[in-house]
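Input: a single structure, listed below in structure tokens.
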Amino acid sequence: MDLKTTYPDNKYLWNQDFQPTAERNRTWGIMDIFAIWFGMAVEVESWSLVSVGFDFGFNWFWSLMAVFIGNAAVLVPILIIAHGGAKYGMPETSLTRSRWGTYGTWVPSFVRGLIGAGWWGIDTWIITESVSGMYIIYSGLKPELLSLVASGNATPFTISTINPDLFWGVFIATILVRLAILYLSPPKSGQTLLKKISWIVPFIAFLGFIILFYIDAQSVSWNFSPIFKIGTTVSGSAFWYAMIGLINANIAFWATMAISMPDYTRYARSQKSQIYGQLTLPIMMLGIGAMALLTAGISIIKYKTPIYDPILLTTISLPPDLAYITLFLLLLGVLMVNIYADTVGPGYDFSNIYPKLIPWFGGVLIVVAIAASLQSWSFYFSAGAYVENWLLGYGAILGAVEGVLIFDYVIIRRFKFEISDVFMPNGRFRYWRGFNPAAIIAFVIAIFLVYPPSTYLPVSFYLYPYQSWIYQASWISTILISGFVYIILMKYWVIPKYQPELRGRLTSWIYSR
């Protein structure tokens with residue numbers, strides 16, 4: 001669908017960046033969408049997430065199973081939510097108004113923006129870590145780094161302790177470079193610069209993973225049998241508890257993109273382009289996971305500890321010339337995902353607060369400011385904090401948001417709604433003063449039922465038996481709870497009161513005006 005009407009008088013709901021993409025600018029095909037996902041999958045955090053399976057007591061098989069199941073599961077909401085972007089040419093912030101209300105969309109927008117800013121901080125840390133790794137090699141400080149690893153200090157924080165002044169100087173410089181790239185690629189132009197980058201950077205960056213894997217494998221004469229003999233050290237309920245957590249961590253890893261994909265599929269030529277371009281995600285993550293697990297296993301053999309951080313492993317294990325190249329390539333991969341996954345979407349989110357005064361790039365600047373204040377990179381310093389505190393923590397929040405998005409778009413709207421109303425303050429999606437009470441209530445109930453009080457209060461207790469297991473399945477738990485609560489509230493309260501023109505039965509799978 002192509003909307004030619006503009007709404008410049010609706011300053012709280014419209015600006016040029018939110019205007020649906022014109023048909024002439026919808027030029028992204030299957031391979032363009034695939035290139036975006038390839039660029040986001042080929043990143044340090046993907047490698048690290050798979051490698052932490054050893055830290056949780058799993059062998060190689062169960063670590064890979066968690067990766068495949070998690071990525072196959074999250075692909076479903078990704079394709080559903082991306083459908084709206086391809087059909088209407090709209091970013092997710094505009095699409096979400098049909099579910100949350102014209103102003104209620106601030107809630108999911110702020111959630112996505114906040115989490116995107118958190119990842120932005122982690123990405124900035126990794127980019128800086130790569131440059132600092134090059135400096136350590138150049139300055140002959142590698143023996144000092146090896147001694148830290150030998151003492152058990154083998155985390156993404158290790159490199160930063162060698163030369164803190166240089167580290168933080170590079171930290172700031174990388175922020176300025178990325179802001180320049182984003183400033184030169186505004187949404188109204190179809191973001192052609194980002195499209196070109198997606199065809200160049202990811203495939204070059206992937207060579208970094210290949211070099212690291214090849215050199216480390218060669219160092220053990222390609223003998224992986226000791227790795228395959230590493231056994232699973234958890235059993236019974238502890239096994240399933242850890243497996244549920246790791247699967248949901250893999251889901252949460254891309255759950256932000258499940259919301260963000262309309263920001264890219266708004267440029268897609270067709271639904272076929274966006275669907276086929278994304279179907280390879282589980283396979284890509286499985287391939288990267290296999291290399292990551294084998295390389296982490298080699299680190300156990302060589303350094304007596306699993307090193308899940310590829311930046312640290314590259315710095316200590318590769319010859320200098322290859323280390324420089326590999327660190328630079330890994331840096332490019334993180335730069336790619338930082339722009340696509342953690343900046344473009346959140347930029348829309350914060351612009352949505354006041355579209356007339358805050359353009360998309362203004363939203364980007366807010367992302368950077370929040371990232372600096374959150375200091376979220378600290379979550380990346382240990383496997384436990386990375387999975388349990390960061391991924392599962394925000395995964396539950398995103399599940400509560402996505403339950404509303406998916407259940408509304410599929411079950412109630414049947415993949416269609418009135419596009420012009422999202423820009424009208426008194427249109428169909430005003431609900432109660434611009435807020436959909438069903439969405440707000442469903443979100444709050446899901447969060448309340450899933451998060452144990454010990455996660456937000458200085459006491460340790462549970463609201464009901466086995467709540468810790470419900471939280472361990474964070475994303476799955478909240479998406480189901482919020483979705484079902486939302487459907488009930490919409491059917492028996494919100495639709496009769498605020499949208500009585502809707503006709504049909506939920507069980508008939510036909511729900512239209």
Side-chain angles (χ1 to χ4, degrees), residues 39 41-52 54-55 122-150 153-163 166-167 170-171 174 201-220 222 224 227 287-338 377 380-381 383 386:
V42 180
E43 58 152 341
V44 169
E45 292 101 318
S46 299
W47 182 286
S48 299
L49 178 58
V50 182
S51 302
V52 300
F54 286 126
D55 291 80
I122 293 174
D123 290 338
T124 303
W125 181 275
I126 296 171
I127 292 170
T128 307
E129 189 187 9
S130 301
V131 177
S132 297
M134 298 178 195
Y135 172 79
I136 287 172
I137 296 170
Y138 176 78
S139 302
L141 297 173
K142 186 174 176 178
E144 184 177 341
L145 189 61
L146 283 168
S147 66
L148 290 173
V149 172
N153 188 350
T155 74
F157 183 72
T158 307
I159 286 179
S160 67
T161 62
I162 301 294
N163 192 325
L166 172 72
F167 189 91
V170 173
F171 192 91
T174 63
V201 174
F203 301 97
I204 297 175
F206 185 55
L207 291 175
F209 283 150
I210 294 176
I211 294 171
L212 176 59
F213 173 72
Y214 179 86
I215 297 300
D216 272 21
Q218 194 176 49
S219 69
V220 293
W222 296 87
F224 300 128
I227 301 170
I288 293 170
M291 288 196 300
L293 277 171
L294 290 173
T295 309
I298 292 169
S299 73
I300 296 175
I301 297 170
K302 293 173 62 175
Y303 304 107
K304 310 305 178 186
T305 184
I307 301 177
Y308 67 87
D309 178 20
I311 304 297
L312 175 61
L313 191 58
T314 297
T315 305
I316 64 175
S317 66
L318 267 60
D321 290 343
L322 281 177
Y324 289 136
I325 295 172
T326 303
L327 287 171
F328 177 71
L329 293 174
L330 295 179
L331 181 155
L332 283 180
V334 176
L335 176 65
M336 188 71 184
V337 76
N338 174 254
W377 47 84
Y380 187 61
F381 293 168
Y386 186 35

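Classified by interplanar angle (parallel below 30°, tilted 30° to 60°, perpendicular above 60°), the ring pair Phe213/Phe224 is parallel. Ring pair Trp125/Phe157 is parallel by interplanar angle, where below 30° counts as parallel and above 60° as perpendicular. Trp47 and Phe209 have parallel rings, their planes meeting at less than 30° on a 0 to 90° scale where 60° marks the start of perpendicular. Classified by interplanar angle (parallel below 30°, tilted 30° to 60°, perpendicular above 60°), the ring pair Trp222/Tyr214 is perpendicular.
Residues Ile316 and Lys142 share a closest heavy-atom pair of O-CE, 3.0 Å. The two residues Glu129 and Pro156 make their nearest non-hydrogen contact at OE2-O, 3.4 Å. Of all heavy-atom pairs spanning Leu49 and Val52, the tightest one is O-CG2, 2.9 Å.
Annotation: the span from Asp309 atom CG to Tyr386 atom OH amounts to 10.5 Å, rounded to 0.5 Å. Atom CD1 of Ile307 sits about 9.0 Å away from atom CG of Asp216, to the nearest 0.5 Å. Here Leu312 contributes atom CG and Thr314 contributes atom OG1; the two are 8.5 Å apart, rounded to the nearest 0.5 Å. One distance of note links CG of Leu145 with OG of Ser132; it measures 11.0 Å at 0.5 Å rounding. The distance from the CD1 atom of Ile137 to the CG atom of Leu318 is 8.0 Å, given to the nearest 0.5 Å. Separation of atoms CZ (Phe167) and OG1 (Thr161) is listed at 9.5 Å; rounding is to 0.5 Å.
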Sequence neighbours excluded and cut-off under 3.5 Å, please list the side-chain donor-acceptor pairs for residues 323-336, or say none.
| unit_1 | atom_1 | unit_2 | atom_2 | d |
| --- | --- | --- | --- | --- |
| Tyr324 | OH | Tyr138 | N | 3.3 |
| Thr326 | OG1 | Leu322 | O | 2.8 |

Show me the donor-acceptor pairs within less than 3.5 Å that the side chains of residues 288-296 make with the rest of the protein, sequence neighbours left out.
| unit_1 | atom_1 | unit_2 | atom_2 | d |
| --- | --- | --- | --- | --- |
| Thr295 | OG1 | Met291 | O | 2.7 |

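Side-chain contact check for Tyr303 versus Leu313: some heavy-atom pair is nearer than 4.5 Å. Inter-residue side-chain proximity for Ile311 and Val44 is flagged as met; some heavy-atom pair is nearer than 4.5 Å. Residues Ile162 and Leu148 have side chains in contact (heavy-atom distance under 4.5 Å, counting atoms from C-beta outward). Between Met134 and Thr315, the closest side-chain pair of non-hydrogen atoms is not below 4.5 Å. The closest side-chain heavy-atom distance from Pro319 to Ile215 is below 4.5 Å. Between Tyr308 and Ser299 there is no side-chain heavy-atom pair separated by less than 4.5 Å.
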**Request:** Quick one: do Tyr380 and Ser48 satisfy side-chain hydrogen bond (donor to acceptor under 3.5 Å, both in side chains)? Show the steps, please.
**Result:** CA-CA 9 Å; Tyr380 187 61; Ser48 299; 2.7 Å; yes
**Request:** Determine, step by step, whether Ile298 and Ser317 satisfy the side chain to side chain contact (heavy atoms under 4.5 Å, CB included) criterion, reporting the C-alpha distance in whole Å, the side-chain angles of both residues, the deciding distance to 0.1 Å, and the verdict.
**Result:** CA-CA 11 Å; Ile298 292 169; Ser317 66; over 6 Å; no
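With hydrogens and angles disregarded, a donor-acceptor distance shorter than 3.5 Å links the side chain of Thr158 to the backbone of Asn153. Looking only at distances, a side-chain donor or acceptor of Thr128 sits under 3.5 Å from a matching main-chain atom of Thr124.
The side chain to side chain donor-acceptor pair (under 3.5 Å) check on Ser160 picks up nothing, with sequence neighbours excluded.
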